[in-house]
A.B. asks: 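Submitted below is the structure of interest, expressed as structure tokens.
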Amino acid sequence: MMKVEAKQMYCVFHVDVNSAYLSWEAVYRLQQGDSVDLRAISSVVGGNEADRHGIVLAKSIPAKKYGIHTGETLHSARQKCPGLMVVPPRYGLYMQCSEAMVAIMSQYAPLIQRYSIDEAFLHYQFPPGMTPGPEAEAAAVKAATRLKAQIRQELGFTVNVGIGPNKLLAKMASELRKPDQVHTLFLHEMPEKMWPLPVQELFFVGRATARKLRGYNIFTIGQLAATDPKLIHCWLKKPGLLIWQYANGLDHSRVTDEPVPVKSIGNSSTLAFDVTDRATAHQILLSLCETTAMRLRKIRRCAQVVSVTLRSDKLITCHHQRRLEVPTDVTSLIWQEACRLFDDIWQKEPLRHMGMHLSDLCSNDYYQLSLFHQHLEKHHQLDKTIDALRSRFGTRAVFRGCFSHSPIQPLMGGVLQDQEVEYPMMASYL
DNA sequence: TCTGGGGTCCTAGGACCC
DNA sequence: TCTGGGGTCCTAGGACCC
């Protein structure tokens, strides 16, 4: 009997906004009547240096030519490029831009998977009657080119669209050459387009893995693809097998719009000043717990593990966690545990950064039934009331008294601090 | 290199149980 | 306590992504 190989009647698009934060900022400023296009000059979106958040979040292409990298300090970036323009981020605006882009994408296919604020996958079905091959690939390129043009026309920013038989190759394709490009990376194109690239360009090969691979004389993606997977597994364990598959273009994950269940949540912050006393540290933990616990309740979950992270002025990081006897979503109980963890590990060294995380999340249904814990009832009522007030009047509407004459913000952490600001909708600036 | 903040997954090693 | 081996749970830390 003849075995018929099932032909794949779709391909995947990966849409990636070019220099996302910087492009969005540039378009917004042009719309506000600014005469300078940030994309055309050496510029970066960067954090606040006074608060010690001074790193590059996004860079323009001219800035990139000076060797400026995302994540590097603004201090260092300015040394490379003395006239560098630095603008602060507006996360609320970026969320809106992201939403608007996904709305356009959904005109092209019913199935879109958001991957991050500036990246999304699209499941592209080949036109009816078309079999996989050059004709279908050309149709995909045509659709992707239209999508790219529509985003540029209606929203004012450019994207790269990568096209491949799966998510991995679509993503690799979108990275090929920027900006404002459509690239394909089908299996037959791998030897030419992907295998010659340096191994660290492969998704999931970071600095540490690339260094190890170079130690084994593997410098390109093609060399990794050609290596015996047993050897790679021996060297790099499970992640090694994954990158070996990626190097060979193998990826069986599906484009899906089902929300990924949250496994853990947390907040951390580099502090504007070094903390040297226990009371201040505890207050910062409370501030971090407030935001984290609020988010936990919003997704209707309870946490079973609480953890605290400290980073000293010498940039040494330590971490401590503990399992709770009873899962909880109560701010004050989480805070109590965080303070105990802090007291266990703090050696009195000045602290530059503090964080708290909640993991091993479980359903909060159990809580609904467990009101036999009478003493918890008032905590629940308090949290519930505060959540409702903040949701109605804004997150700054209610805060604990201990913050009223304190330099510490009552709700710390979270990058979306200006998410309640409404920005005017994008329109074409062309 | 004066180093942000949100996550995920994996591994090593210790404690404890049978 | 000169001690085998398998399994589970837990914590700490590292690597990766955006």
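Every chain is numbered from 1, with letters handed out A, B, ... down the list of sequences.
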A.B. asks: Using whole Å, report how far CZ of A:Arg114 lies from P of B:dG6.
C.D. replies: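 Rounded to the whole Å, the gap is 19 Å.
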A.B. asks: Considering every strand and a 4.0 Å limit on heavy-atom distances, what is the contact class for A:Arg311: base, sugar-phosphate, or nothing?
C.D. replies: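 Answer is sugar-phosphate: A:Arg311 comes under 4.0 Å of backbone atoms only.
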A.B. asks: For nucleotides C:dC17 and B:dG4, find the distance between their C1' atoms and express it as a whole number of Å.
C.D. replies: 15 Å
A.B. asks: Can you tell me the distance, in whole Å, between the CD1 atom of A:Ile55 and the P atom of B:dG6?
C.D. replies: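 Checked: the CD1 to P distance equals 12 Å.
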A.B. asks: Determine, for A:Lys314 against A:Glu349, whether the closest basic-nitrogen to carboxylate-oxygen distance falls under 4.0 angstrom.
C.D. replies: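 A salt bridge is absent here (no side-chain N lies under 4.0 Å from a carboxylate O).
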A.B. asks: Check the phosphate of B:dT1 against A:His69, side-chain N and O only, distance under 4.0 Å to OP1 or OP2. Yes or no?
C.D. replies: no
A.B. asks: Does a side-chain N or O from A:His53 land closer than 4.0 Å to OP1 or OP2 of B:dG5, or not?
C.D. replies: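 Yes, A:His53 has a side-chain N/O under 4.0 Å of OP1/OP2 on B:dG5.
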A.B. asks: What's the verdict on side-chain hydrogen bond (donor to acceptor under 3.5 Å, both in side chains) for A:Arg78 and A:Thr73, showing C-alpha distance, side-chain angles and the deciding distance?
C.D. replies: CA-CA 9 Å; A:Arg78 278 206 196 80; A:Thr73 58; over 6 Å; no
A.B. asks: Please encode protein proximity along nucleotides 10-18 of chain C as a string of B, S and -, counting only heavy-atom distances under 4.0 Å.
C.D. replies: SBSS-SSSS
A.B. asks: State plainly whether the residues A:Asp344 and A:Arg322 are in salt-bridge range, i.e. N to O under 4.0 Å.
C.D. replies: yes
A.B. asks: From CD1 of A:Ile316 over to P of B:dT3, roughly how many Å is that when rounded to an integer?
C.D. replies: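 After rounding, the gap between these two atoms is 16 Å.
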A.B. asks: For B:dG4, take OP1 and OP2 only and decide whether either is under 4.0 Å from a side-chain N or O of A:Arg352.
C.D. replies: yes
A.B. asks: Do A:Phe13 and A:Tyr108 have ring centres separated by under 6.0 Å?
C.D. replies: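 Ring-ring flag for A:Phe13/A:Tyr108: false, centres at least 6.0 Å apart.
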A.B. asks: Could you pick out which residue, A:Lys238 or A:His75, lies toward the 5' side of DNA chain B when each is mapped onto its nearest nucleotide?
C.D. replies: A:His75
A.B. asks: Can you tell me the distance, in whole Å, between the CG atom of A:Asp51 and the P atom of B:dG4?
C.D. replies: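 Whole-Å distance recorded here is 12 Å.
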A.B. asks: Mind checking if A:Gly54 touches a base, just sugar-phosphate, or nothing, with heavy atoms under 4.0 Å?
C.D. replies: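 It contacts nothing in the nucleic acid.
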A.B. asks: Closest heavy-atom contact between A:Ala247 and A:Ala225?
C.D. replies: O-CB, 3.6 Å
A.B. asks: Taking OP1 and OP2 of B:dG5, is either one under 4.0 Å from a side-chain nitrogen or oxygen of A:Thr270?
C.D. replies: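 Indeed, a polar side-chain atom of A:Thr270 lies that close.
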A.B. asks: Cut-off 3.5 Å, side chains only: do A:Lys148 and A:Thr158 have a donor facing an acceptor?
C.D. replies: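 Not at all, the side chains of A:Lys148 and A:Thr158 share no donor-acceptor pair under 3.5 Å.
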A.B. asks: Heavy atoms only, 4.0 Å cut-off, all strands: where does A:Thr73 land among base, sugar-phosphate and nothing?
C.D. replies: sugar-phosphate
A.B. asks: Can you confirm whether the side chains of A:Glu137 and A:Thr184 place a donor and an acceptor under 3.5 Å from each other?
C.D. replies: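 Distance-only check fails for A:Glu137 and A:Thr184.
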A.B. asks: In whole angstroms, how far is the C1' atom of B:dT3 from the CZ atom of A:Arg78?
C.D. replies: 16 Å
A.B. asks: Provide, to the nearest angstrom, the distance between the NE2 atom belonging to A:His357 and the C1' atom belonging to B:dG4.
C.D. replies: 12 Å
A.B. asks: Quick one: A:Tyr21 OH to B:dG5 P, roughly how many Å, whole number?
C.D. replies: 13 Å
A.B. asks: According to the Watson-Crick and G-U wobble definitions, with both distances under 3.5 Å, which nucleotide is paired to B:dC18?
C.D. replies: C:dG5
A.B. asks: Between the side chains of A:Asn18 and A:Asp180, is a donor N or O closer than 3.5 angstrom to an acceptor N or O?
C.D. replies: no
A.B. asks: If B:dC10 has a Watson-Crick or G-U wobble mate with both distances under 3.5 Å, name it; if not, just say none.
C.D. replies: C:dG13
A.B. asks: Measuring to OP1 and OP2 of B:dT8, would you say a side-chain N or O of A:Ser264 lies under 4.0 angstrom away?
C.D. replies: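 Yes, within the criterion.
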A.B. asks: Would you say a side-chain N or O of A:Asn267 is under 4.0 Å from OP1 or OP2 of B:dG6?
C.D. replies: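 Looking at the OP1 and OP2 atoms of B:dG6, one of them is under 4.0 Å from a side-chain N or O of A:Asn267.
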A.B. asks: Can you measure A:Tyr94 atom OH to B:dG5 atom P for me and round it to whole angstrom units?
C.D. replies: 16 Å
